[in-house]
Amino acid sequence: MRDRRPPMLVLWGKNDPFFTVAGAEAYRRDNTGATVVLLDGGHFAIEEHSGTIAEAMRALADRVKAQAAAS
């Protein structure tokens, strides 16, 4: 991850009592190109923010496709 820096999307519930924000930030440290999104939610952020998460995933997929087409 550190060497290759693949496209990465990290969606994180900032109020999760088990997986803290520091854990999300560690991804950004290891992959400086990572997109880290802190959602206003807890451990089950996907259930609380499914629309936002789906949009972010589509945006990442579109960006990866565009980069692949350009190379």
Problem - E48 CD to D40 CG distance, which is reported to the nearest 0.5 Å - result: 8.5 Å
Handout entry: Neighbour count above 12 (heavy atom, 6.0 Å) for I46 CD1
Key = no
Practice task
Kindly give the heavy-atom pair with the smallest separation between M1 and P6, and that separation in Å.
Solution key: O-CD, 3.9 Å
Practice task
Locate the shortest heavy-atom distance separating L39 from A45; write the atom from each residue and the value.
Solution key: CD1-CB, 4.2 Å
Practice task
With rounding to the nearest 0.5 Å, note down the distance linking OG in S50 to CE in M57.
Solution key: 11.0 Å
Practice task
On the 0 to 90° scale, with breaks at 30° and 60°, tag the H43-F19 ring pair as parallel, tilted or perpendicular.
Solution key: parallel
Handout entry: For F44, ring pair (Phe, Tyr, Trp, His ring centres under 6.0 Å) partners two or more places apart
Key = none
Handout entry: Interatomic spacing from CD in Q67 to CZ in R63 - rounded to 0.5 Å
Key = 6.0 Å
Practice task
Keeping the roles fixed (side chain from S71, backbone from A68), state whether a donor-acceptor pair exists under 3.5 Å.
Solution key: yes
Problem - Minimum heavy-atom distance T32-R5, with the two atoms named - result: OG1-NE, 3.2 Å
Practice task
Using atom types as modelled and distance alone, determine if a side-chain donor or acceptor of W12 lies under 3.5 Å from a backbone N or O of G42.
Solution key: no
Exercise for the section: Tell me whether V37 is reachable from V64 by hopping between hydrophobic residues (I, L, V, M, F, W, Y) whose side-chain heavy atoms are closer than 4.5 Å. Expected result: yes
Handout entry: V21 and L38, any side-chain heavy atoms less than 4.5 Å apart
Key = yes
Handout entry: Sequence neighbours excluded, every pair satisfying salt bridge (charged side-chain N to carboxylate O under 4.0 Å, His left out) that has a member inside residues 24-35
Key = R2-D30, E25-R28
Problem - Shortest non-hydrogen contact from L11 toward A56 - result: CD2-CB, 4.1 Å
